Structure formats: C-alpha cells, structure tokens
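Here the structure is laid out as structure tokens; the discussion comes afterwards.
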Amino acid sequence: MQPTDAMTDRDTVDAQYARTDNLRTRRDVWGPGPEGVSPTEVLVSSVVAARPAKVIEIGCGTGHFARSVIDALPDVDYLATDISAAMVEATSSLGVPSRQVPGDALPFADDTFDGAVAAWMLYHVPDLDGTLAELRRVLRDGGRLSVATNGEEHLGDLLREAGGEPVASQFTAENAEEALSRHFEHVSRRDVETRATFPDHAAAVAYLSTFAADLAAALPHFEGPRAYVGRSCILTAH
C-alpha cells in the first residue's frame, strides 16, 4: 500500500483542495452498489435520524452534504467548516452557513453542539487524535459524531491497473472503529459497497489525475465504459 504521508501533508492537501474541480470530478463518478444506496445517503439518514438541534461539520467540501441535511431538517442550526477558502465559498453559495476553520483547533466552547460530521476527511488531518478530541470536546454529552471513510481496497483494481496500489491511510474502514473508540464510548458502523463508473478511458484518466499525474498517464487504454468497486464505511460515535 502507498504510504500515508501524502494523505496528511498540509501542503499537498491544500493544493488538492485549493479549487473545487478535483472534488467535483471525484464525486461525479460515484453511484450506488448492490444495495442500491450511496454512502452519502446513509450518512445523511444517520444525521437526520438523530434530529440534532445544532451541528458542526468539519471538512465540508463543496457543501452538498450540509445542504442535504438542512433540507431534511429546516430548523437545524448547521455550521459547515473547511480549511479551504474555495470550499467555504462553494458551500456559502448553496445558502449554507460556513466558516474557514481548522478541524483540530475549533474556536468553540465545550459542549456547544449536539451533532458533528466529518465526511471523507479524517484521513487528511495531520493530528487525528487531536481532531477527534476537539470534536468530542465541542459535543455535548450524548451528542453524536457521524463520519465516513473508505476501505483499504477502495478502487484497488483501478489503482493496480494504473501501476499503483491501494492507498493506506490513518483512518480507513479497517482502523476507524479503533481510532474513534479512543475518544467515544459507543461506536457503530455500516459498510456500503459502491461503484465508480467511467464512460471511457479519458474519464478514468481525468479521475486519476486529481490524485497523481503519474497514475493517470500509466493507465492502459480501454474501450467503452468500465466500472470499479468502491468500499465505504459510515460510523457513528457518542
């Protein structure tokens, strides 16, 4: 597996998310797997089912997840945060309250929120335990953290075809429960298989180029559409 350094290096992460293009390219290829549901739908349902009054999201990306929760819970007090100015701007354009805030130094008092969200971003934070401790600190007793991450074999076949290998990270479906359990008493999970579908070789190359130019250049040509298995995991902790 590839090392985790590039996943948490602040300069690398800042460059990847300086614009919204990369994230949109990655998001647009994904669809449901055999269960007929997407991990994002499962995560939204998890947050909505708890009916939180006040929620913080760290690493909000383009804000589409936050918008989905607000649409389902019109009275929720939802604050979306990200370290990327471009992501905060995109989120604000959806009518979602948002701020540029580092996830490991939240400028909020203890026991401020009764819900927190970290979707597909905890593998990027330089200090995982520090970030989880911050989320626990700002959550009230009984408040719930909802997170999403990917498994170690997520898109493994595509990466191997391009001469790479699955990406190791500090927060995967395989190790997330253990990490969360260091800060929360109760952790539950649901695994969701998904599909990344590319209409042609060029689309797959464009996707890989959002991660690494060398992988994109090395992907052997193929004709027609192709689909690859994705493996995600939704976890809740309180």
Side-chain angles (χ1 to χ4, degrees), residues 1-34 38-40 43 59-65 82-91 103 118-128 147-176 191-233:
M1 288 191 176
Q2 295 175 7
T4 61
D5 293 2
M7 294 285 286
T8 58
D9 178 75
R10 181 54 62 85
D11 290 339
T12 301
V13 173
D14 286 349
Q16 277 202 6
Y17 297 101
R19 303 194 317 268
T20 61
D21 310 36
N22 284 349
L23 194 55
R24 294 182 193 277
T25 297
R26 296 172 195 171
R27 185 187 66 211
D28 290 348
V29 307
W30 289 104
S38 74
T40 300
L43 185 61
C60 64
T62 55
H64 287 80
F65 179 85
D82 204 291
I83 60 170
S84 164
M87 298 302 171
V88 170
E89 182 179 357
T91 300
W120 289 283
M121 59 79 62
L122 287 171
Y123 37 62
H124 284 316
V125 297
D127 181 1
L128 176 60
V147 306
T149 190
N150 296 323
E152 292 176 358
E153 276 296 312
H154 185 71
L155 277 188
D157 290 340
L158 174 62
L159 294 169
R160 279 186 280 264
E161 282 184 25
E165 53 186 287
V167 180
S169 85
Q170 64 183 352
F171 195 81
T172 66
E174 288 76 15
N175 60 30
D191 295 289
V192 182
E193 187 175 303
T194 58
R195 292 290 184 276
T197 302
F198 302 99
D200 51 34
H201 176 262
V205 168
Y207 182 92
L208 286 173
S209 69
T210 69
F211 298 100
D214 57 339
L215 287 178
L219 182 67
H221 183 77
F222 59 81
E223 296 291 338
R226 189 168 290 188
Y228 296 88
V229 173
R231 305 185 187 281
S232 296
C233 183

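On a predicted model such as this, the values are computed, not experimentally measured, just so you know.
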Ring geometry between Trp30 and Tyr207 (parallel below 30°, tilted from 30 to 60°, perpendicular above 60°): perpendicular
Assess whether atom CD of Glu193 is packed by more than 12 heavy atoms of other residues, nucleotides or ligands within 6.0 Å. yes
Work out which heavy atom in Thr149 is nearest to a heavy atom in Ala173; give both atom names and the distance. CG2-N, 3.6 Å
Minimum heavy-atom separation for Ala206 to Ser209, with atom names? O-OG, 2.6 Å
Taken to the nearest 0.5 Å, the spacing of Leu43 CG from Thr40 OG1 works out to 7.0 Å
Say you draw a straight line from CD1 of Ile83 to SG of Cys60; how long is it, rounded to the nearest 0.5 Å? 11.0 Å
So, do Phe171 and Met121 sit near enough that their side-chain heavy atoms are less than 4.5 Å apart? no
Ignoring hydrogens, what is the shortest heavy-atom contact between Ala90 and Thr20? Give both atom names and the distance. CB-CG2, 3.9 Å
Judged by atom type as modelled, is there a donor-acceptor pair below 3.5 Å linking the side chain of Glu153 to the main-chain atoms of Pro166? no
Which heavy atom of Ala218 sits nearest a heavy atom of Ala162, and at what distance? CB-O, 3.3 Å
Count the heavy atoms of every other residue, nucleotide or ligand shown that sit under 6.0 Å from CZ of Arg19, and state whether that count exceeds 12. no
Measuring from atom CD of Glu223 to atom CG of Asp200, what distance do you get when rounded to the nearest 0.5 angstrom? 9.5 Å
Given side chains that start at C-beta, do those of Leu159 and Val167 come closer than 4.5 Å, heavy atoms only? yes
Taking all non-hydrogen atoms of both residues into account, name the closest pair between Thr172 and Ser169 and its distance. CG2-OG, 3.1 Å
Non-hydrogen side-chain atoms of Gln170 and Thr8 separated by less than 4.5 Å: yes
Can you tell if the side chain of Val192 reaches within under 4.5 Å of the side chain of Thr194, non-hydrogen atoms only? yes
With heavy-atom distances below 4.5 Å as the criterion, would you say the side chains of Leu158 and Leu215 are in contact? no
Do Asp191 and Ser232 touch side chain to side chain, with heavy atoms closer than 4.5 Å? no
Main-chain N/O of Thr210 paired to Arg26 side chain as donor or acceptor, under 3.5 Å: yes
Kindly indicate whether the side chain of Asp82, heavy atoms from C-beta on, has any atom under 4.5 Å from the side chain of Thr91. no
Work out which heavy atom in Gly61 is nearest to a heavy atom in Leu23; give both atom names and the distance. CA-CD2, 3.7 Å
Hey, does the side chain of Asp28 reach the backbone of Thr25 with a donor-acceptor pair shorter than 3.5 angstrom? no
How about Val147 and Leu122: do any of their side-chain heavy atoms sit closer than 4.5 Å? yes
Tyr228 and side chain to side chain donor-acceptor pair (under 3.5 Å): which single residue from His154, Arg195, Glu161 fits? Glu161
May I ask you to check whether Tyr17 and His124 place their ring centres under 6.0 Å from each other? yes
Report the C-alpha distance between Thr62 and Arg27 in whole Å, list the side-chain angles of each, state the deciding distance to 0.1 Å, and finish with yes or no for side chain to side chain donor-acceptor pair (under 3.5 Å). CA-CA 10 Å; Thr62 55; Arg27 185 187 66 211; 2.8 Å; yes
Assess whether a salt bridge exists between Arg160 and Asp157, defined as any Lys/Arg side-chain N lying under 4.0 Å from an Asp/Glu carboxylate O. yes
